[in-house]
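Per chain, numbering begins at 1; letters A, B, ... match sequence-line order.
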Amino acid sequence: MKSKDMRLSEYFLPTLKENPSEAQIASHRLMLRAGMIRQSSAGIYSWLPLGERVLKKISEIVRSEQNIAGAQEMLMPTIQPADIWKESGRYDAYGPELLRIRDRHNRDMLYGPTNEEQITEIIRSCVKSYRDLPKLLYHIQWKFRDEVRPRFGIMRGREFLMKDCYSFDFNYGAARRSYNKMFVAYLRTFARMGLTAIPMRAESGPIGGDMSHEFIIMADTGESQVFCHADCFDYNVLEELVDYQSDLEPLVSRWTDLYAATDEQHDSSEFERSVPPDKRCEARGIEVGHIFYFGTKYSEAMGAFVSGPDGGRVTMEMGSYGIGVSRLVGAIIEANHDDDGIIWPDSVAPFRVGVVNLKPEDHKCNVLGGEVYEKLRTNGIDTLYEDREGRAGVKFANMDLIGLPWQLIIGPRGAAGGRVELKSRKTGQRDELSMEDAIKRVIA
RNA sequence: CGGGGUGUAGCGCAGCCUGGUAGCGCAUCUGCUUUGGGAGCAGAGGGUCGGCGGUUCGAAUCCGUCCACCCCGACCA
């Protein structure tokens with residue numbers, strides 16, 4: 001399948017040479033400079049074409065792993081009626097971070113910061129028997145939290161794109177199975193984005209137990225201090241063949257048996273007791289996902305129950321599982337950049353390759369460039385074609401900035417002999433190759 | 001929400017103290033020269049100096065007020 005025609009002479013990519021003064025951390029700075037986002041107001045951003053592509057790539061990975069784990073996609077509204085929040089008690093409990101609005105009929109509404117009430121309302125009216133359980137449902141939707149102080153660009157905005165999944169089960173054991181499914185799905189999801197996300201114990205709420213984990217990726221600019229056993233980094237979950245119908249407990253315990261905690265949960269004496277000195281890892285981290293079992297907190301308050309085998313009424317066990325999709329864009333950049341710009345992991349790169357025509361006005365360059373571009377597109381490779389006239393240095397700097405994994409460079413030097421140069425953004429290595437070999441290596 | 005800071009062209013900034021009708025670099029446009037890592041020369045366009053009010057013959061500049069944005073803290077996905 002041929003990918004879409006993307007020539008820089010037509011593509012909307014407003015890159016900036018200089019650093020916007022409001023951006024403090026790398027991801028924010030680079031996203032603005034690379035023309036991925038524009039700030040609309042504090043903590044609220046427009047996503048320009050390049051940024052939108054990354055958002056879509058990330059969403060697709062999240063979606064595919066949710067589906068593999070057996071969750072079903074749906075879509076709930078951004079605007080919710082206040083009534084259901086009054087039922088759960090959160091309308092009063094939530095505070096000023098909840099954006100409350102009123103419609104023309106003077107009804108209380110709100111812009112959802114999360115969707116527990118909404119999903120519980122749906123399930124309680126549609127699911128009446130234990131036979132209809134378990135249910136695992138998710139959506140990917142924009143949310144709003146009126147943060148006092150938005151910062152770090154997209155990483156802590158007020159409006160954000162999030163995947164949230166909700167589980168409904170008949171009893172604790174079943175709820176734990178749902179929890180484990182998401183646990184494993186999350187490990188796989190982040191691994192596919194080129195991230196090593198460590199599940200760390202998190203505040204487990206009134207229920208207690210060990211059923212809440214934050215998934216943290218390491219980055220110097222991370223917002224919290226984290227402590228973990230170095231072996232956490234060694235497992236490659238993508239090499240496992242995961243059967244979501246089987247008991248996932250052994251796989252999950254491989255992680256949960258090792259010490260891993262954020263500073264809020266950190267217990268230094270336990271850390272020192274359970275982790276040998278050479279395995280103690282202390283770093284900064286960014287939270288990219290959070291899974292949570294909360295039992296009957298909402299189902300109880302909102303009357304979500306089913307009939308059990310004995311005809312008795314059983315309140316459903318629930319859990320919720322979030323991934324900050326828009327936040328991941330920033331987090332991935334924090335973990336993958338250098339002084340020149342972003343270095344996208346293959347799986348989330350907005351384009352796989354940038355074809356850089358150093359001299360489009362030169363006949364041979366133009367012919368060869370066009371040919372390379374068409375061949376890559378025909379092979380279904382997402383390709384951005386730098387076909388504008390201009391100086392080589394500007395083109396190189398721009399390509400490094402937007403961080404596509406490969407740069408396929410066509411210049412007058414090699415074009416006459418059909419030679420091109422292939423540069424890896426990550427290693428910086430450049431190889432002079434024939435057009436065919438270069439294309440082969442990009443496709444591989 | 002406490003503390004601090006900043007608003008002047010698309011981006012980065014100077015000018016403000018000591019009022020006199022707005023400037024620099026980059027970007028944009030035109031021409032010539034250049035051409036493998038953010039070019040050179042010549043010219044051009046682009047501003048209600050965050051808003052409103054006040055002082056003054058005259059306000060980007062002084063005073064008041066409001067707003068926006070950023071940083072530190074508290075809080076949080």
Enquirer: Are any non-hydrogen side-chain atoms of A:F292 and A:Y321 less than 4.5 angstrom apart?
Expert: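 No - every pair of side-chain heavy atoms lies 4.5 Å or more apart.
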Enquirer: For A:L32 and B:rC69, give me the distance from atom CG to atom C1', rounded to whole Å.
Expert: 13 Å
Enquirer: Could you check how far CD of A:E287 sits from C1' of B:rC76, rounded to whole Å?
Expert: 9 Å
Enquirer: Scan every strand shown for a Watson-Crick or G-U wobble partner of B:rG46, both distances under 3.5 Å, and answer none if you come up empty.
Expert: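 Check on B:rG46: unpaired, no WC or wobble geometry under 3.5 Å.
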Enquirer: Considering only atom C1', compute the distance from B:rC62 to B:rG20 and round it to an integer number of Å.
Expert: 14 Å
Enquirer: When the P atoms of B:rG23 and B:rA9 are compared, how many Å lie between them, rounded to an integer?
Expert: 13 Å
Enquirer: Counting only Watson-Crick or G-U wobble pairs whose two distances fall under 3.5 Å, which nucleotide matches B:rU6?
Expert: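 Because both required distances fall under 3.5 Å, B:rU6 counts as paired with B:rA68.
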Enquirer: Would A:N19 and A:S21 count as having a side-chain donor-acceptor pair, cut-off 3.5 Å?
Expert: no
Enquirer: Rounded to whole Å, please give me the gap between CD in A:E159 and C1' in B:rC76.
Expert: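 After rounding, the gap between these two atoms is 17 Å.
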Enquirer: Between A:M162 and A:E18, which residue's closest nucleotide on RNA chain B lies nearer the 5′ terminus?
Expert: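 The answer here is A:E18.
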Enquirer: At less than 3.5 Å, do the side-chain atoms of A:R149 and the base atoms of B:rC75 form a donor-acceptor pair?
Expert: no
Enquirer: Taking the P atom of each, how far is B:rC11 from B:rG51, in whole Å?
Expert: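 About 16 Å, rounded to a whole number of Å.
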Enquirer: Does A:G153 reach a base, just sugar-phosphate, or nothing at all? Heavy atoms under 4.0 Å.
Expert: nothing
Enquirer: For A:R151 and B:rG4, give me the distance from atom CZ to atom P, rounded to whole Å.
Expert: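 Rounded to the whole Å, the gap is 18 Å.
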Enquirer: Would you please test A:N115 and A:H139 for side chain to side chain contact (heavy atoms under 4.5 Å, CB included) and show each step?
Expert: CA-CA 9 Å; A:N115 293 66; A:H139 76 339; 3.5 Å; yes
Enquirer: Could A:R90 and A:E117 be called an ion pair, given the rule that one side-chain N must be under 4.0 Å from one carboxylate O?
Expert: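 Here A:R90 pairs with A:E117 in a salt bridge, since their nearest N and O are under 4.0 Å apart.
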Enquirer: With the side chain of A:V148 defined as its heavy atoms from C-beta on, choose the nearest nucleotide among B:rC1, B:rC13, B:rC70.
Expert: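 Closest of the options to the side chain of A:V148: B:rC1.
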Enquirer: With P as the reference atom in both, quote the distance from B:rG50 to B:rG12 in angstrom, rounded to an integer.
Expert: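 My reading of the P atoms in B:rG50 and B:rG12 gives 15 Å.
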Enquirer: Quickly work out the A:E147 CD to B:rG73 C1' distance and round it to whole Å.
Expert: 15 Å
Enquirer: If we take the C1' atom in both B:rG7 and B:rA60, what is their distance in whole Å?
Expert: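 Straight-line distance between the two C1' atoms is 11 Å.
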Enquirer: Classify every nucleotide of nucleotides 35-43 of chain B by which part a protein heavy atom approaches to under 4.0 Å, writing B for the base, S for the sugar-phosphate alone and - for neither, in 5'-to-3' order.
Expert: -BBBB----
Enquirer: Can you tell me the distance, in whole Å, between the CZ atom of A:R29 and the P atom of B:rC11?
Expert: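 Atom-to-atom, A:R29 to B:rC11, this comes out as 17 Å.
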Enquirer: Applying salt bridge (Lys or Arg N to Asp or Glu O under 4.0 Å), run through A:R188 and A:E65 and close with a yes or a no.
Expert: CA-CA 7 Å; A:R188 290 181 48 88; A:E65 289 298 328; 2.8 Å; yes
Enquirer: Which residue lies toward the 5' end of RNA chain B, A:H290 or A:N19, if each is placed at its nearest nucleotide?
Expert: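 Of the two residues, A:N19 wins.
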Enquirer: When you compare B:rC17 with B:rG64, how far apart are their P atoms, in angstrom units rounded to a whole number?
Expert: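 Approximately 15 Å lies between the P atom of B:rC17 and that of B:rG64.
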Enquirer: Is there a Watson-Crick or G-U wobble partner for B:rU55 with both distances under 3.5 Å, and if so, which one is it?
Expert: none
Enquirer: Would you kindly check whether a donor in the side chain of A:R158 faces an acceptor in the base of B:rC76, or vice versa, at under 3.5 angstrom?
Expert: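 Not at all, since no donor on one side and acceptor on the other fall under 3.5 Å apart.
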Enquirer: Can you check the A:F160 CZ to B:rC76 C1' distance for me, whole Å?
Expert: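 About 10 Å, once rounded to whole Å.
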Enquirer: Which part of the nucleic acid, if any, lies within contact of A:Q24, taking any heavy atom under 4.0 Å across all strands shown: a base, the sugar-phosphate backbone alone, or nothing?
Expert: sugar-phosphate
Enquirer: Regarding A:R53 and the six-membered ring of A:F351, is the cationic atom NZ or CZ under 6.0 Å from the ring centre and inside 45° of its axis?
Expert: yes
Enquirer: Verify whether one side chain among A:H290 and A:S212 offers a donor that lies under 3.5 Å from an acceptor in the other.
Expert: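 Yes.
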Enquirer: Scan A:S41 against the nucleic acid and name what it touches under 4.0 Å (heavy atoms): base, sugar-phosphate only, or nothing.
Expert: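 The answer is sugar-phosphate, as A:S41 gets under 4.0 Å only of primed atoms, P, OP1 or OP2.
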Enquirer: Provide the Watson-Crick or G-U wobble partner of B:rG37, both distances under 3.5 Å; none if there is no partner.
Expert: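 Pairing partner, where one exists within any strand: none, as none qualifies.
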Enquirer: Looking only at atom C1', what distance separates B:rC67 and B:rC52, rounded to whole Å?
Expert: 10 Å
Enquirer: So do the side chains of A:I25 and A:E334 get within less than 4.5 Å of each other, counting heavy atoms only?
Expert: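 Sidechains of A:E334 and A:I25: in contact.
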Enquirer: Under a 3.5 Å cut-off for both distances, is B:rC17 Watson-Crick or wobble paired, and to whom?
Expert: none
Enquirer: Do A:R7 and A:Y373 pair up side chain to side chain, a donor and an acceptor below 3.5 Å, judged on atom types alone?
Expert: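 Side-chain D/A pair, A:R7 to A:Y373: absent.
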Enquirer: Roughly how many Å is it from CD in A:E22 to C1' in B:rG5, rounded to a whole number?
Expert: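 One finds 14 Å between C1' of B:rG5 and CD of A:E22, rounded.
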